[in-house]
Protein chains: 2
Amino acid sequence: MTVKEKIMDNTVNFFLKEGCRKVTMDEIAAYNGMSKRTLYENFTDKNDLIRQCVLYSNELEKSSYLSNIASQEDMMDILLRGHERNFSIDLSSMISFMDEVRKYFPDIYRQTIREVKEAHCTMMAELLTKGQTEGYFIKNLDARIIAPILSEIMKIAAHSELTQGREMSQSETYKMLVLIYFRGLTTEKGRKIIDEFMKNNN
Amino acid sequence: MTVKEKIMDNTVNFFLKEGCRKVTMDEIAAYNGMSKRTLYENFTDKNDLIRQCVLYSNELEKSSYLSNIASQEDMMDILLRGHERNFSIDLSSMISFMDEVRKYFPDIYRQTIREVKEAHCTMMAELLTKGQTEGYFIKNLDARIIAPILSEIMKIAAHSELTQGREMSQSETYKMLVLIYFRGLTTEKGRKIIDEFMKNNN
DNA sequence: AAATTTAAAAACTATTTTGGTTTTTTAAGT
DNA sequence: ACTTAAAAAACCAAAATAGTTTTTAAATTT
């Protein structure tokens, strides 16, 4: 891991905790245990830093995805394991980070986040197709429509007012939202596995 | 239909088209073909007008729902017919109207829209339960969780950036989002009907 | 141990952002 | 049409912050 990567790895976490708008370069330098000078030797300015952090976290996600695919695992395993991970981590901080970028760094948003989203949709589409060829999902689905819907659905559980003021947990909501949607995509074969999973996880 | 109801009926449409924030009382009076004086004889102020318009449109929806229920129709018919209507009307204007109320008339939002939403969720929950007792939906579902999720899901199709910049229609998106989610809720019996419907509507 | 390199700390400036004030415009209500 | 209240815009001063430069300290090399 290069110095630059270390900085990005560190700073992404900082951004997720504190947001990127109100965080100052002094604070970032302090958080990384270095002087501003060193920071500026690695990144031309704050925009550059944020942009590269976004790209970096996308790379991490992508490589995790690739290793999942490469492992040639069963589609349903990938799905349910990913699902378990998704509602254990704090998706909402990532989402509000993204929202802040859109609002206060529109250039970065246009250039970077859009393509990150595209990448995400591409992954989803590939997974979907894999599931179809393995016989878990019904055939008459257009991946170009379903994939962005999936991205959107995942966002709601974390983001919306669904959980606020009600007596349901985020993981409960996530399950009923995402798992039920996936159940809607399944064939008999896939449904069995999801129903089994739900039986063991309620 | 009383004068007051006529005004509300008219003004709701106006609000849906133009929003309620920037529309002036002068414009509303003109739109209704009356003087401001007549308007103010029926509503104490703009807040009152907006509040009553919200309640009125909710009443309309509710009575349509009640007549559906009263007709003792098959659950799946209600669902699929309602679904067809939903993606033919312009849900998005209703949603942005609601958003404007939340933003600029928070008092009305707290007092009125919240209970409208509650009413909507109650209807959804009732429909869900009906569907369960009729054997279309799986049993192990908590209506208090599913109902608000359904409301939320319907919003996405109309509202989000899903349809923007992509080559898919809103109705296509709505179908793949809402119908697939419902499909996820179904038993064998309900699934047959949805699959039949999808076969005839693609 | 002196010299050299490296990076942190601190100091500094030039922009940006923010908070508060006044003026102007808009729109409610009579 | 008129009055009044409230919202928006324009404006300014003060604070905060990005980015640069200088100084200090510590590690490394010779």
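Note that the structure is a prediction, hence the values are computed from the model and not measured. In the text below, chain A, chain B and the rest are named by the order of the sequence lines, each starting its count at 1.
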Inset, instruction - Using a strict 4.0 Å threshold on nitrogen-to-oxygen distance, state whether B:Glu41 and B:Arg37 make a salt bridge. - result: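 Looking at B:Arg37 together with B:Glu41, the answer is yes, because their closest N to O distance falls below 4.0 Å.
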
Inset, instruction - May I have the step-by-step check of ring pair (Phe, Tyr, Trp, His ring centres under 6.0 Å) for B:Phe15 and B:Phe97, ending in yes or no? - result: CA-CA 7 Å; B:Phe15 284 158; B:Phe97 169 56; 5.8 Å; yes

Legend entry - Range on DNA chain C touched by chain A - first to last nucleotide, heavy-atom distance under 4.0 Å: C:dA7 to C:dT18

Legend entry - Candidates B:Asn10, B:Thr11, B:Asp26 - the one meeting side-chain contact (heavy atoms from CB on, under 4.5 Å) with B:Tyr31: B:Asn10

Legend entry - The single option from B:Thr2, B:Val12, B:Leu39 passing side-chain contact (heavy atoms from CB on, under 4.5 Å) against B:Ile7: B:Leu39

Heavy atoms from other residues, nucleotides or ligands near [atom1] of [X] exceed 12 (cutoff 6.0 Å):
X        : atom1 : value
A:Lys103 : NZ    : no
B:Lys6   : NZ    : no
B:Arg114 : CZ    : no

Legend entry - Interatomic distance, A:Phe43 CZ vs D:dT20 C1' [rounded to whole Å]: 18 Å

Inset, instruction - Under 4.0 Å from any atom of DNA chain C, heavy atoms only: list the residues of residues 11-32 of chain B that qualify, in numerical order. - result: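 Hits under 4.0 Å, by residue number: B:Val23, B:Thr24, B:Met25.
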
Legend entry - Aromatic ring proximity, centroids under 6.0 angstrom, B:Tyr181 and A:Tyr181: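 Between A:Tyr181 and B:Tyr181, the centre distance exceeds or equals 6.0 Å.
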
Legend entry - Pair of N/O donor and acceptor under 3.5 Å linking D:dG19 base with A:Lys46 side chain: no

Inset, instruction - Decide yes or no on side chain to side chain contact (heavy atoms under 4.5 Å, CB included) for A:Asn58 and A:Lys62, but give the supporting numbers first. - result: CA-CA 6 Å; A:Asn58 186 45; A:Lys62 202 186 279 180; 4.2 Å; yes

Inset, instruction - Please determine, by modelled atom types, if A:Thr38 and A:Ser35 share a side-chain donor-acceptor pair under 3.5 angstrom. - result: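 There is such a pair between these side chains.
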
Legend entry - 5' priority, DNA chain C, between B:Lys36 and A:Glu41 [closest heavy atom]: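 Its nucleotide being nearer the 5' end, the pick is A:Glu41.
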
Inset, instruction - For the helix from C:dA1-D:dT30 to C:dT30-D:dA1, measure the angle between the helix axis at one end and the axis at the other, each built from five pairs, rounding to 10°. - result: 30°

